[in-house]
Amino acid sequence: MSESYERRMKGMPVSPGIAMGCLRVEARGCPAPVTRNILPTETESEWARFESALARTEEELYALKERVEHLSGATEAAIFDAHLLFLRDRLIMKRLRKEFAERMHNIEAVYYAVVQNFMEVMRHVDDPYLRSRVADVEDVLQRVLKNMAPAVAATPQNTPCGCEPYVLAAYDLAPSDTADLDPRTVLGFVTEAGSAVSHTAILARSLGIPAVVGVPRLVMDARVGCRAVLDGYNGVLILNPTAETEAHYRALQVEKEKSYRALTELRDLPAITTDGHRIRLAANVEFAHEYDAIQRSGAEGVGLYRTEFFLLGGGSMPDEDTQYEHYRRLVEECAPHEVIFRTLDAGGDKLPFEVLEEKEDNPFLGWRGIRVSLSRPEVFKEQLRAVLRASAHGKAAVMFPMVSGITEVLQIKDLLAECRTELRERGQAFDEHLRVGIMIEVPSAAMMSDVLARHVDFFSIGTNDLTQYTIAVDRVNFRVSGMFRPTHPGVIRMMKQTISAGIPTAICGEMGADISLIPLLVGLGASELSVGTHLLPLVRYAIRHLNYDACRAMTEKALQAEDSYTIRALSQDLARASYAELFD
Ligand code: PEP
Ligand code: MG
């Protein structure tokens with residue numbers, strides 16, 4: 001079967017934009033070999049090539065085992081027994097034979113895809129020992145590929161992109177992998193797993209990298225080195241696009257960039273409805289280098305600074321002074337607007353706070369967010385003091401993730417009081433009126449919001465987690481992503497209850513950037529929306545075309561609705577009637 005004709009693969013759009021370039025398939029540190037078609041007459045020689053690579057790898061592994069045994073003893077050397085077992089694993093070999101016969105691709109490309117799938121299965125098994133062996137399988141894979149390398153010398157047809165910017169395809173990307181992507185090299189990425197509210201997707205949006213997730217059989221079917229168009233608006237990956245397709249997407253790119261520029265020109269106008277209701281429109285920020293994007297978008301400060309990417313991105317936790325300098329710069333850059341620092345939200349799908357010996361079984365319900373900070377009070381206080389000190393240089397606020405009830409709030413306030421006393425003793429300045437808020441993202445906190453409101457200055461509703469925890473649907477599990485519906489009446493009623501507690505309440509989850517749902521959030525009475533800088537101009541435009549009374553009337557109906565579809569439809573109808581042009 002020739003594979004040079006155009007082929008479309010459908011996924012979920014999670015970060016807007018168009019990327020065009022050649023495709024590179026990667027999986028956690030192991031770059032994929034080039035894929036090429038083979039003729040039926042080549043199958044035997046391909047298989048022989050593979051067998052001899054296996055034999056060579058086997059020799060290497062025995063030699064390594066001997067060396068390590070000699071240097072460190074039998075226990076350390078036993079690791080190579082596991083490598084040797086994987087090398088000839090019956091399941092892998094059976095699958096490889098089948099796929100090789102069906103695909104008629106060079107053997108290393110098929111072997112790579114089969115082993116990648118095998119590793120992915122291992123990553124999700126219950127047995128922690130098996131999970132921890134994934135790295136060994138990857139090691140074996142790399143050795144085998146290296147031993148086949150001479151026979152796949154690059155030709156102009158099959159050479160992957162080299163140093164050229166490329167479109168990245170992977171089974172999945174961890175948030176930490178995504179944070180490391182350089183937008184100058186990676187034009188866009190597409191994954192087989194993933195969901196719209198995972199931190200991988202959120203980071204793609206902050207980096208401005210077009211992204212599509214949830215493409216079935218991507219790693220198996222994608223061909224390294226072929227040309228690709230990634231449509232981050234509609235969630236489509238096009239392999240081997242025709243000249244007409246590329247021309248179409250180039251024109252679309254120009255058109256979208258033009259309308260985006262037109263929207264950013266409105267940046268100095270307030271986010272105010274047609275009947276004069278003002279909403280603070282702030283930015284969600286993940287990286288220090290987003291200062292320019294904040295200014296360009298016209299955000300009124302930062303509504304959510306996810307500090308974990310700064311704190312954990314470099315390997316070790318920065319000390320108080322380093323944090324202070326970093327926070328101070330952001331506060332100064334955003335003056336006179338406020339920057340809301342969300343304290344470390346480690347755990348869940350994000351970077352771990354410390355290397356856990358064993359992965360947690362249910363990380364989203366485990367050692368995450370404020371639980372991590374409260375169990376490390378000295379480290380937590382360094383962050384609190386750094387934020388307090390930064391508040392002397394402009395306007396800052398602090399808020400806390402994953403709060404479930406009053407006990408945590410009281411503990412936090414005690415620690416904050418200690419930090420204030422320490423700073424006074426040191427003679428270091430801070431804003432005595434620094435606002436203190438909590439995120440409402442756990443149902444118990446939403447239910448207790450009237451009580452919690454007596455102890456804090458503001459709430460910020462994290463709709464990503466509030467949806468996850470209310471409907472009991474893992475935000476990063478693509479098998480249940482269809483159930484992840486922030487307009488579930490259970491979620492909407494909790495949001496209403498939270499806002500009714502009567503203190504300023506922002507929405508900082510991804511729901512705030514969904515232009516279909518802005519009428520609902522305005523109608524619920526949110527005082528602030530905080531969204532990624534790339535989507536902020538659209539949200540401003542939307543708010544400026546809405547009528548507050550109409551939003552409230554629609555929301556009254558939505559609060560009586562029985563299902564998520566009706567609520568979405570009610571909001572979307574008003575959105576389309578108010579700013580149809582944003583839906584083109
Ligand atoms: C949320 O949960 O909605 C939120 C904004 O926080 P994060 O996405 O970082 O968990
Ligand atoms: Mg959250």
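Reckoned from all heavy atoms, side chains included, excluding hydrogens, waters and symmetry mates. Just so you know, ligand 1 is whichever comes first in the structure, and atom 1 is the first atom listed for that ligand.
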Is it the case that the side chain of D345 and the backbone of M402 share a donor-acceptor pair, with hydrogens and angles ignored and the cut-off at 3.5 Å? no
Report the residue from Y324, F430, Y327 that forms a ring pair (Phe, Tyr, Trp, His ring centres under 6.0 Å) with H393. Y324
Enumerate, one pair per line, all nitrogen or oxygen atoms of ligand 1 lying under 3.5 Å from a protein nitrogen or oxygen, stating the separation to 0.1 Å; write 'none' if no such pair exists.
{"unit_1": "ligand 1", "atom_1": "2 (O)", "unit_2": "E441", "atom_2": "OE1", "d": "3.0"}
{"unit_1": "ligand 1", "atom_1": "2 (O)", "unit_2": "D465", "atom_2": "N", "d": "3.0"}
{"unit_1": "ligand 1", "atom_1": "2 (O)", "unit_2": "D465", "atom_2": "OD2", "d": "2.9"}
{"unit_1": "ligand 1", "atom_1": "3 (O)", "unit_2": "G462", "atom_2": "O", "d": "3.4"}
{"unit_1": "ligand 1", "atom_1": "3 (O)", "unit_2": "T463", "atom_2": "N", "d": "3.1"}
{"unit_1": "ligand 1", "atom_1": "3 (O)", "unit_2": "N464", "atom_2": "N", "d": "2.8"}
{"unit_1": "ligand 1", "atom_1": "3 (O)", "unit_2": "N464", "atom_2": "ND2", "d": "3.1"}
{"unit_1": "ligand 1", "atom_1": "6 (O)", "unit_2": "R342", "atom_2": "NH1", "d": "3.1"}
{"unit_1": "ligand 1", "atom_1": "8 (O)", "unit_2": "H199", "atom_2": "NE2", "d": "3.1"}
{"unit_1": "ligand 1", "atom_1": "8 (O)", "unit_2": "R306", "atom_2": "NH2", "d": "2.8"}
{"unit_1": "ligand 1", "atom_1": "8 (O)", "unit_2": "N464", "atom_2": "ND2", "d": "3.0"}
{"unit_1": "ligand 1", "atom_1": "8 (O)", "unit_2": "R475", "atom_2": "NH2", "d": "2.8"}
{"unit_1": "ligand 1", "atom_1": "9 (O)", "unit_2": "H199", "atom_2": "NE2", "d": "2.9"}
{"unit_1": "ligand 1", "atom_1": "9 (O)", "unit_2": "R306", "atom_2": "NE", "d": "2.7"}
{"unit_1": "ligand 1", "atom_1": "9 (O)", "unit_2": "R306", "atom_2": "NH2", "d": "3.4"}
{"unit_1": "ligand 1", "atom_1": "9 (O)", "unit_2": "R342", "atom_2": "NH1", "d": "3.3"}
{"unit_1": "ligand 1", "atom_1": "9 (O)", "unit_2": "R342", "atom_2": "NH2", "d": "2.9"}
{"unit_1": "ligand 1", "atom_1": "9 (O)", "unit_2": "K350", "atom_2": "NZ", "d": "3.0"}
{"unit_1": "ligand 1", "atom_1": "10 (O)", "unit_2": "H199", "atom_2": "NE2", "d": "3.3"}
{"unit_1": "ligand 1", "atom_1": "10 (O)", "unit_2": "R368", "atom_2": "NH2", "d": "3.1"}
{"unit_1": "ligand 1", "atom_1": "10 (O)", "unit_2": "D465", "atom_2": "OD2", "d": "2.9"}
{"unit_1": "ligand 1", "atom_1": "10 (O)", "unit_2": "R475", "atom_2": "NH1", "d": "2.9"}

Report, as a single number, the protein N, O or S atoms less than 2.8 Å from the Mg ion (ligand 2). 2
Between E510 and R475, does any NZ, NE, NH1 or NH2 come within less than 4.0 Å of an OD or OE carboxylate oxygen? no
The test is ring pair (Phe, Tyr, Trp, His ring centres under 6.0 Å); show your working for Y579 and H545 and say whether it passes. CA-CA 6 Å; Y579 40 85; H545 287 77; 7.1 Å; no
Within a radius of less than 6.0 Å around CE of M12, do more than 12 heavy atoms belonging to other residues, nucleotides or ligands occur? yes
Salt bridge between R552 and D549, side-chain N to carboxylate O under 4.0 Å? yes
Residue pair Q411, D414: steps toward the side-chain hydrogen bond (donor to acceptor under 3.5 Å, both in side chains) verdict: CA-CA 5 Å; Q411 277 177 278; D414 282 348; over 6 Å; no
Search all heavy atoms of I567 against all heavy atoms of T487 and return the closest pair with its distance. CD1-O, 3.3 Å
Stepwise salt bridge (charged side-chain N to carboxylate O under 4.0 Å, His left out) test for E332 and R328: CA-CA 6 Å; E332 285 175 345; R328 169 191 171 153; 3.2 Å; yes
